[in-house]
Amino acid sequence: MVNMVGTPLDVLPYVRGIQMVLSGYEGYTKGKRRDADLAIREEIKRCGTRARNHLMNVHDSCFREKKIDVSKAAKACCNTIDQLIEDIDKSPTGMTHAFFSGQRSASVSVLKKLIKHDHDVIEMMTKAVNISNSVEHAFSSDKTVGEIKSLIRQCEQMITSSRGYYSARSTVLDGLRQKKKV
Amino acid sequence: MTANFKWRSNPNIIARLVDGNDIQTWKARQVVLKPNEACAFIIDGRIGDIVSEKVVHNIGGGLGRHIADMIGATATDRRMLFAMTGPVDLWIPFAADLSDGSNASGHMNLRVQLRKEDIPKLLNIFANHAPLLDREGLIGFLGHEVTTRCIVPAMAKCSSVEELRSSEFQEHLEMHAEVEMRQSLSTLGFTFLRAFISTSKTDQEKLARLKADLDFATQTEGANADALMERIAIREAATLRRIECEVNVERAKKRGEVTIQAETELLGLRKQEAVWDAELKRDQGKADLRMKESSHKTDEAMRLFEQVQARKRDRIQQSQDHQDQRMEKQNDVQVKMMEMAAEQGALTPEVMQEFLRQQTAQKAIDGTDSKTPTPPMSTTCQQCQATLMSDWKTCPHCGTTR
């Protein structure tokens, strides 16, 4: 197993970016890898839950106001978020002896890639949360149904992208090297 | 070896509040939390860590904690709230009336999930109930509210059984349930995921089903009969075809045998024909030879006949000439006699009359003598139509005997 004692300089901007939302995050340094992985997952779930809460508010209000189309769109987006959270809940975390896999050790390059990947996923999730916030704001500011639905679909698209991106992270953690950059 | 503590012995158990004092032992005990399990620690009335995917060591305390308890160096109240974080399906029975008066019964499926950070909210349940929450208990908590808030209003708007089965109704019910039940579920720590109803058959549907079954049975019987008839027809056609083929084979065999026999006979006949041709040629050759010989004889006979006829004509001509000469001599004599009689004066009518009478008699005699012999009557041959003399016994042209 290759030890990454400190944080490599080339991924330092990404680590700093993650630290903006996760104060205790220091990258996958030795002795904190599992905690870092758990923190990243919790942060992604937290972002999903935040977006879900915004959308559920819109869903409930639209249902009561008989705007069924918006409610359906919000519900579909919430289902996607639920799937993302379930993916994160049931994703692999690695083994005790080999950090991320029982079969092979993660190299420094893989860990660096993982840090960048985490940063990108959190960035996408943050965007999704912002969009969901915009949805609720648009609903409260009497925007048209079409505009609200468009925003909800943007949010759903962002969540779906995050989900796909996260599955690529799981692939890295499973010890399978990617041939193509996602 | 450390003993494992199992907080869940039944799949229906959703959550359990464990008092640390109840599992306190001298020996160390650990609990393994799987990815769909989580545990919230409540120490001295405060909510502590919520852990998952982890082996929690010394959950029962062990010797160290026992000693610490004795000297008062550890928490006085220690509770662990275990819960399943995976989706849970709750089947809530219901019976409600539709707007058309018909009754519908069945179950409503409510799929909820406990998120890890919401586990402490389960204390709202355990505050007033037993420290074990299973599906039945949760249905008991939620069933009445779900029926009252979601099912009955939704059913009351449903005008028929067909609408009850529609996807629009299910969607509406799900959204309705989500809106109405969010607050209650959130209070208990659950997240609403999905909802749908599964209604039992109504009387009308049973009747329709019976009709459909009967129709289906009838159609099945008809289809079986059709298939049987078709099978019989196919078998019949196959049998007829087989018989036809066998007949054709037999016919072909017989035809072949007949052909072979006919060819054999034909070969014999051709042989015979060749023999007959050879014999015919031979006979024709012989006949030609005979014809040539006969023709030669005929020509010879005709030539002789012509000679005879010529000689005969010559002889008749000579006889005619001789008679003419004699007649002329007699006429001369008679003229001289008449002249002498006239000179002598003896030429009387009686003498003339006698003279004419004798002359007539003489001419009659000459005529009889000079009469030309008539040739024999001729006939024709019946075979070759050649002219034949009456006294010929064989046709000189074709050799046919008369």
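In what follows, chains carry the letters A, B, and so on, assigned in the order in which the sequence lines appear, proteins first and then strands, with residues in each chain numbered from 1.
If you take CG on Leu164(B) and OG1 on Thr199(B), they are separated by 4.5 Å, rounding to the nearest 0.5 Å.
Residues Met125(A) and Ile159(A) form a side-chain contact, since some pair of their non-hydrogen atoms from C-beta on lies under 4.5 Å apart. Using a 4.5 Å heavy-atom threshold, the side chains of Lys143(A) and His137(A) count as separate. A heavy-atom distance below 4.5 Å is not found between the side chains of Met56(A) and Thr191(B). Lys157(B) is not listed as a side-chain neighbour of Phe169(B), based on a closest heavy-atom distance of 4.5 Å or more.
For Thr49(A), the part lying near chain B is the side chain, with the backbone staying farther off; criterion is any non-hydrogen pair under 4.5 Å. Looking at Arg64(A), the atoms closer than 4.5 Å to chain B (heavy atoms on both sides) all sit in the side chain, from C-beta outward. Contacts of Ser52(B) with chain A are absent, with no heavy-atom separation under 4.5 Å from either backbone or side chain.
Side chains of Asp120(A) and Tyr165(A): a donor-acceptor N/O pair is present below 3.5 angstrom, by distance only.
For the set His172(B), Glu178(B), Glu171(B), the count of heavy-atom pairs under 4.5 angstrom toward chain A peaks at Glu178(B). Per-residue heavy-atom pair counts under 4.5 Å with chain B were compared for Lys90(A), Lys72(A), Lys45(A), and the maximum is reached by Lys72(A).
Identified by a heavy-atom distance below 4.5 Å to chain A, the contributing residues of residues 100-130 of chain B are Gln113(B), Arg115(B), Lys116(B), Glu117(B), in residue-number order.
Shortest non-hydrogen contact noted between Thr148(B) and Pro153(B) is O-CD, 3.2 Å.
In this structure, Trp7(B) and Phe82(B) have parallel ring planes: the angle between them is below the 30° cut-off, well short of the 60° mark.
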